[in-house]
Number of protein chains: 2
Amino acid sequence: MPRVPVTTSRREQILTEAARLFARHGFHGVSIDGIGAAVGVSGPALYRHFPSKEGLLAEMLVGISEHLLAGGQERAAEHTDPVDLLDALIAFHTDFALRQPELITVQDRDLANLPDDARRRVRGLQRAYVEIWVGALVRAGLAGSDEAARVAAHAAFGLMNSTPRSTTHTGADVAAGILTTMTRAALHAHPV
Amino acid sequence: MPRVPVTTSRREQILTEAARLFARHGFHGVSIDGIGAAVGVSGPALYRHFPSKEGLLAEMLVGISEHLLAGGQERAAEHTDPVDLLDALIAFHTDFALRQPELITVQDRDLANLPDDARRRVRGLQRAYVEIWVGALVRAGLAGSDEAARVAAHAAFGLMNSTPRSTTHTGADVAAGILTTMTRAALHAHPV
DNA sequence: AGGCGACGTGAACGGTCGCTAACGTGAATG
DNA sequence: CATTCACGTTAGCGACCGTTCACGTCGCCT
């Protein structure tokens, strides 16, 4: 039988398709056979690449969290002015949310389905990412306390992550402009 | 055996506990036996009150959508000025999101697990609710097109619905103020 | 008193799911 | 050329899950 040349690695192919399926049906709503079928192999072949279904989810969510944190740290290193940093963070996060809506969806929907150690790891990475935002907000004088800044940061994430609910019908660049403007205004309006 | 006096109706008790469990573990992550155990009965007793597990979810989501739409229509009837209407809508939605975080979570996470007809019904109700916001935004001159207004409305929902992610550590009234202010600013900042 | 309906139980069913086992194969390695 | 290894296959296992069934038990109505 002719072997189909695999352009991207099988692992990444599986991760991509699994993300799409998890986003649409939820972790427990997708079967191993379903994921296999989506990449053209069948069922148990996945166990050549991942130790378990939960392990697959873990790699997906850890990857997302690491990517976000790395991007945040990069921006933090580039900008000393907190307002500039906030703008860079907004641009970075908005871009990610618009480019990878499935990952965004899975990240905050299926975190509870992770095994304990992986969940702790993801939560730690997420917390570090949030703290970058919190620090910028406080230093910019846009939040009266760390607590308030945390609420504001989560609110900003919710705003930018609304992408999966509305992007279906709208151009990505148009949405990017709207979300960026709204997020910036929301954060700057927050009273001290 | 002594019969335990049931204060609220069994149906509502089941709906409440099921919402909590669905919010935490997802629809497919909760078993019929688990829901039963949460209300003190076991497993199949639920079928005395609901036709199926999907039927239970359907009643939950339809109830939420109807409540939101009714509240939106009520505000729309009370306010002729679109900016006043927006403020009333923000107050209404924020209050709901803060008071019922589990329902908010289930609503936009498990819609995909509804049977087709119920899903269509919920989507229709949601769309009608969104259209109230869209109409107010356009009439207020805060959106250049219906499309832009829809993106803005979904973004506002994402902001206000961020509650379940951050309220755990913050007082509800404090969070309400922050979310209200941020949402108002976000919507008013959106350029024409 | 008697029957009925609401509500609950435990047992059992068919189906699906995650995962393992046993096996096959083609390409690189020595 | 023989071996190994990466990567797939199908068959089957144990567990769980949604649902149904047969049955029991109250409280209420006539």
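Values in this document were obtained by computation on a predicted structure and should not be read as measured data. To find a chain, count down the sequence lines: A is the first, B the second, and so on, and within it residues start at 1.
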Inset, instruction - Whole angstrom is fine here: how far is it from CZ in B:Phe27 over to P in D:dC17? - result: 13 Å

Inset, instruction - Can you measure from CG (A:Leu46) to CD1 (A:Ile14) and round to the nearest 0.5 angstrom? - result: 5.0 Å

Legend entry - Sugar-phosphate only, base, or nothing, as touched by B:Val39 at under 4.0 Å among non-hydrogen atoms: nothing

Let me have the donor-acceptor pairs involving side chains of residues 78-92 of chain A, under 3.5 Å, with sequence neighbours excluded, atom names and distances please.
| from | atom 1 | to | atom 2 | distance (Å) |
| --- | --- | --- | --- | --- |
| A:His79 | ND1 | A:Arg75 | O | 3.2 |
| A:Asp81 | OD2 | A:Val83 | N | 3.4 |
| A:Asp81 | OD2 | A:Asp84 | N | 3.1 |
| A:Asp87 | OD1 | A:Arg184 | NE | 2.7 |
| A:Asp87 | OD2 | A:Arg184 | NE | 3.3 |
| A:Asp87 | OD2 | A:Arg184 | NH2 | 3.2 |

Legend entry - Protein-nucleotide distance (B:Leu46, atom CG; D:dC21, atom C1'), rounded to Å: 17 Å

Inset, instruction - Nearest whole angstrom, please: distance from the P of D:dG18 to the CD of B:Glu54. - result: 11 Å

Inset, instruction - Round to the nearest Å and state the distance from B:His49 atom NE2 to D:dT19 atom P. - result: 15 Å

Legend entry - Atom-to-atom span, CD1 of B:Ile14 to P of C:dC7 - whole angstrom: 10 Å

Inset, instruction - Treat primed atoms plus P, OP1 and OP2 as sugar-phosphate and everything else as base, then score nucleotides 11-16 of chain D 5' to 3': B for base contact with protein heavy atoms under 4.0 Å, S for sugar-phosphate contact only, - for none. - result: B-----

Using distance only, find each side-chain donor-acceptor pair of residues 118-128 of chain B under 3.5 Å and give its atom names and separation, not counting sequence neighbours.
| from | atom 1 | to | atom 2 | distance (Å) |
| --- | --- | --- | --- | --- |
| B:Arg119 | NH1 | B:Leu114 | O | 2.8 |
| B:Arg119 | NH2 | B:Asp116 | OD1 | 2.7 |
| B:Arg121 | NH2 | B:Glu66 | OE2 | 2.7 |

Inset, instruction - Count the heavy atoms of every other residue, nucleotide or ligand shown that sit under 6.0 Å from CD of A:Glu12, and state whether that count exceeds 12. - result: no

Legend entry - A:Glu131 bridged to A:Arg150 by N-O distance under 4.0 Å: yes

Inset, instruction - Could you list all the ring pair (Phe, Tyr, Trp, His ring centres under 6.0 Å) pairs where at least one residue sits in residues 14-62 of chain A, not counting sequence neighbours? - result: A:Phe22-A:Phe27

Legend entry - Atom-to-atom span, CG of A:Leu56 to P of C:dC19 - whole angstrom: 10 Å

Legend entry - Contact under 4.0 Å: A:His28 side-chain N or O vs C:dC17 OP1/OP2: no

Inset, instruction - Could you tell me the separation between the CZ atom of A:Arg48 and the P atom of C:dG24, rounded to a whole number of Å? - result: 14 Å

Legend entry - B:Thr16-B:Glu102 side chain donor-acceptor pair, cut-off 3.5 Å: no

Legend entry - Estimated bend of the helix from C:dA1-D:dT30 to C:dG30-D:dC1 (axis per five terminal pairs, rounded to 10 degrees): 0°

Inset, instruction - With sequence neighbours excluded, give me every ring pair (Phe, Tyr, Trp, His ring centres under 6.0 Å) pair touching residues 93-119 of chain A. - result: A:His67-A:Phe96, A:His93-A:Tyr129, A:His93-A:Phe157

Legend entry - Listed nucleotide nearest any side-chain atom of B:Tyr47, set D:dT19, C:dG8, D:dT10: D:dT19

Inset, instruction - Could you tell me the separation between the NE2 atom of A:His25 and the C1' atom of C:dT16, rounded to a whole number of Å? - result: 16 Å

Legend entry - Polar side-chain atom of B:Lys53 near backbone of B:Val30 as donor-acceptor pair, under 3.5 Å: yes

